[in-house]
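Step one of this worksheet: look at the structure below.
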Amino acid sequence: MKRAALTAEHEIVRVQLSERSYDIAIGAGIIDTAPPFFSARAKISHAVLVTDDQVRPLYADRIAAACAASGMRTTLLSVPAGETSKSIAMADQLWNQCLAEGADRKTVVIAVGGGVIGDLAGFIAATFARGLSFFQVPTTLLAQVDSSVGGKVGVNLPTAKNMVGAFWQPQGVLIDVDVLATLPEREYRAGMAEVVKYGVILDPDFFAYLEANVASIQLRDRKVLTQVIARCCQLKADVVQADERETTGLRAVLNYGHTFCHAFEATCGYGQLLHGEAVSIGMLCASRLAESLGRISPDVTQRQRKLLSALGLPTVPPQVDIDLVMTAMQRDKKVEHGKLQFVLPTKLGMVELVGDVPVKLAKQAINDG
Ligand code: NAD
Ligand code: MG
């Protein structure tokens with residue numbers, strides 16, 4: 001795996017997508033290098049920063065001021081924090097604000113915030129004036145290890161998450177691990193579930209590294225976080241490089257634990273469980289299912305349970321009507337011709353898409369949790 005370390009605290013992951021290739025810079029205290037990072041990768045006469053009202057005073061005002069000081073005409077647009085801002089109504093508002101601010105085809109969009117902002121600002125970048133250059137400065141752990149890598153941007157419809165969008169790769173992603181210092185504990189832990197997922201699906205050595213560094217992770221140690229986030233970005237980049245637009249099926253490995261997760265999220269009422277919490281429980285269900293299909297031994301599930309629980313993540317399925325969970329699961333997009341499909345481990349560090357799974361065993365995997 002290629003990863004060029006610049007300094008002990010600063011790494012670059014190159015996402016190789018031919019003419020759409022770009023760098024992800026990961027380090028501690030690198031947020032103030034944002035203007036030169038952008039300028040080295042795009043000619044910027046007008047920068048439109050998109051953020052939310054919680055991230056704005058923490059980080060976006062500061063980046064906007066630095067951009068302006070470096071000579072860029074800078075516009076800062078802020079939306080209310082939260083998933084409801086990922087809507088066509090908000091996109092419509094932002095398109096019109098861009099127009100009023102004199103944005104044109106040379107304007108560059110910069111997302112400063114969590115996954116909601118990355119997806120929304122990326123969607124504006126993909127659509128305004130038929131597409132603008134785009135940068136991401138992700139500020140949640142989930143956005144740093146997951147949503148800012150891979151080029152999926154978009155908004156929700158009232159009854160369908162992420163239903164309208166595009167594949168739109170950024171010109172660069174700047175990840176400062178120090179911004180995680182202000183992230184609420186629950187959001188931080190939830191992001192760690194996706195981190196653990198990368199170890200289970202692709203990298204047993206990384207999984208062991210996480211097991212050995214639980215205490216530093218809990219303390220949000222900036223050196224360990226730089227290593228952890230860089231490795232996750234590299235692992236996701238490897239998958240995205242092999243299947244940029246989710247056409248070969250390779251990208252499906254990223255959905256480990258997510259079929260159960262989506263069913264729990266749907267039946268608990270959105271907002272009860274954070275996505276990462278549902279991923280944690282979902283991975284253990286998938287792992288138990290793999291055990292019952294004879295694909296793995298129980299110790300593979302045990303190691304995941306131990307690590308997830310040490311990281312403060314829930315491991316037991318929520319107390320909800322199991323039949324509602326099963327109905328939700330059968331509505332999930334990974335169901336083909338009425339048969340359930342799951343991404344399941346064959347060993348630590350390797351998963352496969354498994355079809356034709358009996359509903360009874362999936363139900364059992366939840367009940368045994
Ligand atoms: P979010 O963007 O809503 O951020 C969570 C909360 O944390 C918000 O209230 C935000 O204001 C606050 N926040 C952000 N950074 C902060 C910081 N450094 N300090 C303090 N508070 C901070 O949620 P999220 O979990 O980052 O992202 C979830 C979204 O990501 C969902 O819409 C999901 O669909 C999307 N997503 C997209 C992809 C993709 O590939 N595009 C992948 C995974 C998830
Ligand atoms: Mg996820």
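FYI, the numbering just counts along the sequence from 1. These numbers were taken from a predicted model, which means no experiment stands behind them. Order of appearance sets the numbers: ligands from 1, and atoms from 1 within every ligand.
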Check your understanding: So, are Asp368 and Arg288 salt-bridged, with charged N and O less than 4.0 Å apart?
Key -> no

Review point. Relative to the heavy atoms of Asn162, which atoms of ligand 1 are at a distance of less than 4.0 Å?
Key: 34 (O)

Practice item. Evaluate the salt bridge (Lys or Arg N to Asp or Glu O under 4.0 Å) criterion for residues Glu211 and Lys306: first the C-alpha distance (whole Å), next the side-chain angles of each, then the deciding distance (0.1 Å), finally the verdict. Key: CA-CA 9 Å; Glu211 289 177 317; Lys306 203 165 161 230; over 6 Å; no

Review point. Should the proximity of Asp119 to ligand 1, defined as any heavy atom under 4.0 Å, be assigned to the side chain, the backbone, both, or neither?
Key: side chain

Check your understanding: Would one find an N or O of Thr182, backbone or side chain, under 3.5 Å from an N or O of ligand 1?
Key -> yes

Check your understanding: Any sub-3.5 Å donor-acceptor pair from Gln341's side-chain atoms to Val357's backbone N or O?
Key -> no

**Study point:** Proximity of Leu180 to ligand 1 by residue part, where a heavy atom lies under 4.0 Å
**Key:** neither

Practice item. Begin with the C-alpha distance, continue with both residues' side-chain angles, and end with the deciding distance and a verdict on side chain to side chain donor-acceptor pair (under 3.5 Å) for Glu265 and His258. Key: CA-CA 10 Å; Glu265 284 180 315; His258 280 62; over 6 Å; no

Practice item. Around atom 12 (C) of ligand 1, find the nearest protein heavy atom and jot down its residue, atom name and distance. Key: Gln54 OE1, 4.0 Å

Review point. Does the Arg105 side chain pair with the main chain of Gly131, one donor and one acceptor, at a distance under 3.5 Å?
Key: no

Review point. Side chain, backbone, both or neither: which part of His275 has a heavy atom under 4.0 Å from ligand 1?
Key: neither

Exercise for review: Just jot down the ligand 1 atoms closer than 4.0 angstrom to any heavy atom of Leu58, in number order.
Suggested key: 19 (N), 20 (C)

Practice item. Check Phe206 against Val228 and note the closest heavy-atom contact, atom names and distance. Key: CZ-O, 3.8 Å

Point to revise | Mode of Leu183 contact toward ligand 1 - side chain, backbone, both, neither (heavy atoms, under 4.0 Å) | key: both

Study note, to complete from the structure: Note on the Mg ion (ligand 2): protein N/O/S atoms within less than 2.8 Å are Glu194 OE2, His258 NE2, His275 NE2

Review point. Closest heavy-atom contact between Phe264 and Leu273?
Key: CB-CD1, 4.1 Å

Point to revise | Distance from atom 33 (C) of ligand 1 to nearest protein heavy atom, with residue and atom | key: Lys161 NZ, 3.5 Å

Review point. Looking at Tyr22, does the NZ or CZ of Arg20 lie under 6.0 angstrom from its six-membered ring centre and within 45 degrees of the ring axis?
Key: no

Study note, to complete from the structure: Hits for side chain to side chain contact (heavy atoms under 4.5 Å, CB included) against Asp321, two or more places apart or cross-chain, chain-then-number order -> Asp323, Leu324

Check your understanding: Think Arg303 forms a cation-pi with Phe207, using NZ or CZ under 6.0 Å from the six-ring centre and within 45 degrees of its axis?
Key -> no

**Study point:** Heavy-atom gap Glu194 to ligand 1 smaller than 4.0 Å
**Key:** no

Point to revise | Thr226 side-chain N/O to Arg222 backbone N/O, donor-acceptor pair under 3.5 Å | key: yes

Check your understanding: Gly115 to ligand 1: N or O pair under 3.5 Å?
Key -> yes

Check your understanding: Does Ser133 reach the main-chain N or O of Val108 with its side chain, forming a donor-acceptor pair under 3.5 Å?
Key -> no

Check your understanding: Got the closest protein heavy atom to atom 44 (C) of ligand 1, with its distance?
Key -> Leu142 CD2, 3.7 Å

Exercise for review: Name the closest protein heavy atom to atom 13 (N) of ligand 1, giving the residue it belongs to and the distance to 0.1 Å.
Suggested key: Val55 CG2, 3.8 Å

Exercise for review: Taking Asp53 for its side chain and Ala81 for its backbone only, find out whether a donor-acceptor pair lies under 3.5 Å.
Suggested key: yes

Exercise for review: Could you tell me the residue and atom name of the protein heavy atom closest to atom 10 (C) of ligand 1, and the distance to it rounded to 0.1 Å?
Suggested key: Asp52 OD2, 3.4 Å

Exercise for review: Indicate whether any N or O donor in one side chain lies under 3.5 Å from an N or O acceptor in the other, for Gln234 and Glu11.
Suggested key: no

Check your understanding: When you measure from atom 14 (C) of ligand 1 to every protein heavy atom, which one gives the shortest distance, and what is it?
Key -> Thr140 CG2, 3.3 Å

Practice item. For the pair Glu83 and Lys161, find out whether any cationic side-chain nitrogen is under 4.0 Å from an anionic carboxylate oxygen. Key: yes

**Study point:** Sub-4.0 Å atoms of ligand 1 with respect to non-hydrogen atoms of Glu83
**Key:** 31 (C), 32 (O)

**Study point:** Polar side chain donor-acceptor pair, Glu291 to Thr301, under 3.5 angstrom
**Key:** yes

Review point. Just distances here: any N/O of Val116 and N/O of ligand 1 closer than 3.5 Å?
Key: yes

Check your understanding: When you look for heavy atoms under 4.0 Å from ligand 1, do you find them on the side chain of Ala81, its backbone, both, or neither?
Key -> side chain

**Study point:** Contact (N/O only, under 3.5 Å) between Val179 and ligand 1
**Key:** yes

Check your understanding: Does ligand 1 have an atom that lies less than 4.0 angstrom from a heavy atom of Lys236?
Key -> yes

Exercise for review: Please write down residue, atom name and distance for the protein heavy atom closest to atom 15 (N) of ligand 1.
Suggested key: Thr139 OG1, 2.7 Å

Exercise for review: Heavy-atom contacts with Tyr59 under 4.0 Å: which atoms of ligand 1 show up? List them by number with element.
Suggested key: 18 (N)

Check your understanding: For atom 43 (C) of ligand 1, what is the nearest protein heavy atom, given as residue, atom name and distance?
Key -> Asp146 OD2, 3.6 Å

Point to revise | Exercise: do Glu187 and Thr140 side chains pair donor with acceptor under 3.5 Å | key: no

